[in-house]
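Structure record follows, encoded as structure tokens.
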Amino acid sequence: MKARAAWPLLAQKAEDAVNATMVELVASRKRIEHLQTNRVRMINIYEDYKQRAALAQQQLHTMSQTTSYRHYMLQLQELVQRVDQDLQLAFHDQQQIKSKLLKAEQHLMRMQSLVERDLEAIRKHNRVQDQKQMDALGLTLFNLRS
């Protein structure tokens, strides 16, 4: 009795799916890190510009300069909000990828157990065949002695 070729092939396919999902998860983590870095950078720019605006207000300046400072600060706040939205989406995507990875790992475990069951059935079959051959050989030797 030979091992079935389908089970190892399906197990390999399931392992490939797990690996691909892990790559997706790593990419998702990198995206989140990138977004978090951008968010921190934008907040730092905003705080720096806020300090500059406060210093500029102590000096004489035109209405257009004040409007420009406020407009730029509003734009920075909008960018931070957009990054926050992107972060929420990225976290949601990451959760979906984790769920997908869990399912892929469960499928891989099922496939591996099927491979093991098939191999165990083959080993059992071979033990039974070996025992039958030993019994037949023993019977033949007994008959030859008699």
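Positions are given from 1, in the same order as the sequence printed here.
- The CE atom of M111 lies 11.0 Å from the CG atom of L9; values are rounded to the nearest 0.5 Å.
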Between side-chain atoms of residues 72-100 and protein atoms elsewhere (two or more places apart, or another chain), which donor-acceptor pairs fall under 3.5 Å?
residue: Q75; atom: NE2; partner: H71; partner atom: NE2; Å: 3.1
residue: Q77; atom: NE2; partner: Y46; partner atom: OH; Å: 2.9
residue: D84; atom: OD1; partner: R39; partner atom: NE; Å: 2.4
residue: K100; atom: NZ; partner: E24; partner atom: OE2; Å: 2.9

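- We find the CD-CD distance between Q129 and Q131 to be 11.0 Å, quoted to the nearest 0.5 Å.
- Q12 is listed as a side-chain neighbour of D16, based on a closest heavy-atom distance under 4.5 Å.
- Taking CG of N38 as the start and CD of E33 as the end, the distance is 12.0 Å to the nearest 0.5 Å.
- Across P8 and A5, no two heavy atoms sit closer than the pair CD-O, 3.5 Å.
- Across N143, L137, L141, a single residue satisfies side chain to side chain contact (heavy atoms under 4.5 Å, CB included) together with L139, and that is N143.
- Residues T37 and H34 have side chains not in contact (no heavy-atom distance under 4.5 Å, counting atoms from C-beta outward).
- Applying the side-chain contact (heavy atoms from CB on, under 4.5 Å) rule to E116 yields the partners L119, R123; only residues at least two apart in sequence or on another chain are considered.
- Atoms CG and CE, on L35 and M42 in that order, are 8.5 Å from each other to the nearest 0.5 Å.
- Pairing each heavy atom of L108 with each of A14, the nearest pair is CA-CB, 3.7 Å.
- Cluster membership for V18 and L10, using ILVMFWY side-chain heavy atoms within less than 4.5 angstrom, is not shared.
- Distance check: W7 CH2 to R117 CZ gives 8.5 Å after rounding to the nearest 0.5 Å.
- Neither side chain, R41 nor N44, offers a donor N or O lying under 3.5 Å from an acceptor on the other.
- With respect to the salt-bridge test (charged N to carboxylate O, under 4.0 angstrom), the residues E47 and R52 do not qualify.
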